[in-house]
Number of protein chains: 2
Amino acid sequence: MAQTKADLFQEDEIMCASYAKALSHPARVAILKVLAQRKSCVCGDIVEELPLAQATVSQHLKELKEVGLIQGTIDGPSVCYCINPEGLQRAQKLLSGLFTAAAKCCG
Amino acid sequence: MAQTKADLFQEDEIMCASYAKALSHPARVAILKVLAQRKSCVCGDIVEELPLAQATVSQHLKELKEVGLIQGTIDGPSVCYCINPEGLQRAQKLLSGLFTAAAKCCG
DNA sequence: ATCGTCTATCGTAGATTTACGATTAAACTA
DNA sequence: TAGTTTAATCGTAAATCTACGATAGACGAT
């Protein structure tokens, strides 16, 4: 059992869930906040800010990158991460759309 | 390993992630949409709308209820589910706060 | 009281996520 | 070139999530 049925839903529901999933761990929320505050977005700085090992942070960064919320550019030996405005906007639009639709229910 | 470190983060990051987690499966997004559209929010109706077994839907409803996004009131033999406006608003506020903060980054 | 309906819960299997040490790969430095 | 730094990836263990059948509990109808 437990073969996933997540793809039996509508496209926008799946996208909405994907973005929400990317934000569903405090570490990833924290990463976005760090990126928002700092000008320099070097990976090492992020690792220092979080109570997690380097490998774990790298994994979280990968998830955020895969869904398109952040992007990383190689800067010499290190990698500079940055929020991806387009992805962020798309996520915001989808989620706030859900919220405003839902708010209409139940008077 | 893999003992959770999710509680080493800030309160608002944890809350933000909790709401996002509740929305991180297409079925739960779909449930919110059904509740938004229908006036009658009987559990059985929701089960019919989704390509999932009754037990699975009940589980998803439980998760949405536990995080405070929906509420259920017993109506005779059945249960009437409804969106919880306060929880929804709180989720919206936290997540849109994150989005607007993040949007400031990177010019 | 018994039966049928409706929903929650239990038990469980399989998949995915989380976390980290160890290793690898790339690039700079001496 | 050899050594150092930086970040991604591999391998893996534990935890959590997803999904469903079976069962239980509550309620209304007969």
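A quick note: this is a predicted structure, and the numbers were derived from the prediction, not measured. Note on naming: letters A, B, ... go to the chains in the order of the sequence lines (proteins, then strands), and numbering restarts at 1 for each one.
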Result for 5'-nearest mapping on DNA chain D, choosing between B/A53 and A/S78, is A/S78
For C/dT17, does OP1 or OP2 lie under 4.0 Å from any side-chain N or O of B/K21?
no
Assign each of B/V47 and A/L52 to its nearest nucleotide of DNA chain C by heavy atoms, then name whichever residue's nucleotide is nearer the 5' end.
B/V47
Gap between atoms CD and C1', on A/Q54 and C/dT23 respectively (whole Å):
11 Å
Return the value, rounded to whole Å, for the distance between atom CG of A/L23 and atom P of C/dT17.
15 Å
Is any side-chain nitrogen or oxygen of A/Y81 closer than 4.0 Å to OP1 or OP2 of D/dT6?
no
How would you label the contact of B/A55 with the nucleic acid (heavy atoms, under 4.0 Å): base, sugar-phosphate, or nothing?
base
Are any non-hydrogen side-chain atoms of A/L50 and A/I31 less than 4.5 angstrom apart?
yes
Quickly work out the B/L61 CG to D/dC20 C1' distance and round it to whole Å.
15 Å
For A/V57, report the nucleic acid contact type (base, sugar-phosphate, nothing); a contact means any heavy atom under 4.0 Å.
nothing
Lys/Arg-Asp/Glu bridge criterion (N-O < 4.0 Å) met for A/R38, A/E49
yes
Note: B/K93-B/D12 ion pair, threshold 4.0 Å (strictly below):
no
Distance, rounded to the nearest Å, where A/L64 contributes CG and C/dT18 contributes P:
11 Å
Please check the phosphate of C/dT17 (OP1 and OP2 only) for any side-chain N or O of A/H60 closer than 4.0 Å.
no
Nucleotide C/dA8, atom C1' - distance to CD1 of B/I70 in whole Å:
13 Å
Atom CZ of A/F9 and atom P of D/dT18: how far apart are they, to the nearest Å?
11 Å
Within the pair A/T56 and C/dT18, is there a side-chain N or O less than 4.0 Å away from OP1 or OP2?
no
Closer than 3.5 angstrom, by distance alone: can the side chain of A/S18 be matched with the main-chain N or O of A/I14 as a donor-acceptor pair?
yes
Got A/L23 and A/R28 here, is their nearest side-chain heavy-atom distance under 4.5 Å?
no
N/O to N/O distances under 3.5 Å, protein versus nucleotides 26-30 of chain D:
none

Within less than 4.0 Å of OP1 or OP2 of C/dC20, is there a side-chain N or O belonging to B/K5?
yes
Atom CD1 of B/I31 to atom P of C/dT7: distance rounded to whole Å?
13 Å
Taking N and O atoms by type only, does the side chain of A/Q59 place a donor or acceptor under 3.5 Å from a partner on the base of C/dA19?
yes
Please confirm whether the shortest side-chain N or O distance from B/S58 to OP1 or OP2 of C/dT7 is below 4.0 Å.
no
Check the distance between D/dT5's C1' and A/E48's CD and give it to me in whole angstrom.
13 Å
Can you classify the ring geometry of B/H25 versus B/H60 as parallel (below 30°), tilted (30 to 60°) or perpendicular (above 60°)?
tilted
Same cluster or not: are A/L61 and A/V42 linked, directly or through other Ile, Leu, Val, Met, Phe, Trp or Tyr residues, by side-chain heavy atoms under 4.5 angstrom apart?
no
